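In what follows, a structure is listed as structure tokens, so that the remarks can point back to it.
The shown structure was predicted, so the numbers you read here are calculated from the model rather than taken from an experiment. Residue indices begin at 1 and follow the sequence shown.
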Amino acid sequence: MTFDLLIRGGTVVDGTGAEGFAGDVGIVGDRIHAIGDLSAADFRDVIDATGLIVAPGFVDVHNHASGEMEGGILNIPSVENQVRQGVTTLISGNCGGSPWPIGEHLDAVDALPIRQNYGLLVGMGTIRAEVEVDAEPASPEEVARMQELAARAMAEGAFGMSTGYFPDFVTTDEIAQVARPIAEAGGVYATHMRDESERLLDALREAIAIGERSGCPVQISHIKCWGTRAWGLADQALALIDDARDRGLDIAADRYPYVASFSGVAYIVPLDARIDAATRGGIEHLRDDDLAERVRAGVEDFVEVLDGADNIVFAPLEPMPEIDGKSLAQVAEERGEEPWRVALELTIEGSVSCIYFSMREENVRAFMRHPAVFAGSDGHLRVLGRGVSHPRNYGTFPRWIGHYGRDEGLFGVEEVVRKCAFMPARKFGLHDRGELAQRKIADLAIFSWEDIIDTATFDDPHHYPEGIPHVIVAGVPAVRDGEATDETPGRVVRLSR
Ligand SMILES: [Zn+2]
């Protein structure tokens, strides 16, 4: 036997949680052909993994690679910020928004040079917009039409459906009904819950109910206790998940290893006020007296929940030096305006995002440690050095492993690799990935347990991590000796049952 690529002399950590062992990995074409002592084998190419961990490539099921202006895969297909972390598969289309039609988008991406594999969820917000449902509960006919589109998305290769940012008029019942064809096609229901703050537990109960009524496995996206009023709820949230699992529901959650989130500035402004402004003809109607009063009350409450306007830091998508990197408190003071007025005007201006320091470290750890929680970045694609960024775009997986696993002692290498590769792959139906075994696809992350670490920070977010010298995608080195290669071996992946 001659291997196309032999990974020699490393410690194989196969992803299942089983103890690592000294062994070689022999690859033929895009598949793993053998694992063990292959020192006598012939090979066309070899990577020396002495002193390194040979693991399945990491699977990031929560990211926004599909969209968001210049951060979308159609515009910057071969950026390195994900693959340099050891990520070999991305599942995008999260938080309720996705490209449409799914099949057309996947075909377009398939024709591009991508470094890692790429698949999609369909966003229910996208489906709802396609059916042109008004700002009210959907009629039975509209629900039926949405079910058709959901079924079509699954037929075109989606891995499931996502929801996010839904106002109250989108009912639990409506979501459960639209999720039914997703369940029938074997997809997951991934939800950015309706509330991650003081109504976190109600939102979690709703997500569980949707799973139980529709038959969908549930994925809680970026599980968090958002803001001071939710900080005490982590244990109760995890108990709800445990209870649902005891009843037989397949429910899991993903988590990025940071205490700040990232969203548009509009997030500060109450959703119902934004909807009313749009109904009146445009977002500038937020300045109408009655709406402005609601914005004032909403923003003041928001700031209180975040324990002060210092904890909201502007990160504009286009350069805006007068606010870039400054807090809402700072900008309000410089402009001599109340924070709510600044938030209102920047919402109307658009294209301004914020980093919200909204979480407590001990909750982040409690979630990460829970047996049903695994890694997910909630990140975007980024060109190194260009534009606004959250450190999770570069550092999620090495930070799970190097900072929380090795340095903080939360996980051993076997357990953290399981949370970065095997668990997300199994949950999303990627049965050929996330595990090193014979006949699995040869997606591998080869890293140093001693050296792996994230280097991107909130102040200086554009840095690739360290300690991940080689990343193999479908048998081809996408990163070698710490540098991206000229190869773009990534493929579009579609759910197959
Ligand atoms: Zn989200």
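Distance CD/Gln219 to NZ/Lys427: 5.0 Å, rounded to 0.5 Å. Remark: Arg84 CZ to Glu466 CD distance equals 10.0 Å, nearest 0.5 Å. Taken to the nearest 0.5 Å, the CZ atom of Arg152 stands 10.5 Å off from the CD1 atom of Ile127. Taking CG from Asp168 and CG from Leu271, the interatomic distance works out to 8.5 Å, rounded to the nearest 0.5 Å.
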Derivation and outcome, side chain to side chain contact (heavy atoms under 4.5 Å, CB included), residues Met359 and Ser261: CA-CA 8 Å; Met359 290 165 255; Ser261 54; 3.8 Å; yes
Residues Ser377, Thr396; criterion side chain to side chain donor-acceptor pair (under 3.5 Å); working and verdict: CA-CA 6 Å; Ser377 75; Thr396 293; 4.7 Å; no
Residue pair Thr163, Thr191: steps toward the side chain to side chain donor-acceptor pair (under 3.5 Å) verdict: CA-CA 5 Å; Thr163 59; Thr191 178; 2.9 Å; yes
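With a 4.5 Å cut-off on side-chain heavy atoms, Trp400 and Phe58 do not count as touching. With contacts defined as side-chain heavy-atom distances shorter than 4.5 Å, the pair Phe374/Val59 does not qualify. Residues Phe357 and Phe458 meet the side-chain proximity criterion, which asks for heavy atoms closer than 4.5 Å. When side chains are defined from C-beta on, Ile91 does not count as touching Asp60, because their heavy atoms never get closer than 4.5 Å.
With 3.5 Å as the limit, one finds a donor-acceptor pair spanning the side chains of Glu206 and Thr172. Between the side chains of Tyr394 and His462, at least one donor N or O sits under 3.5 Å from an acceptor N or O. For the 3.5 Å distance criterion, the side chains of His390 and Asp378 fail to qualify, holding no donor opposite an acceptor.
With Ser162 contributing its side chain and Gly96 its backbone, the two residues share a donor-acceptor pair below 3.5 Å. Between the Asn393 side chain and the Arg382 main chain, no donor and acceptor come within less than 3.5 Å of each other.
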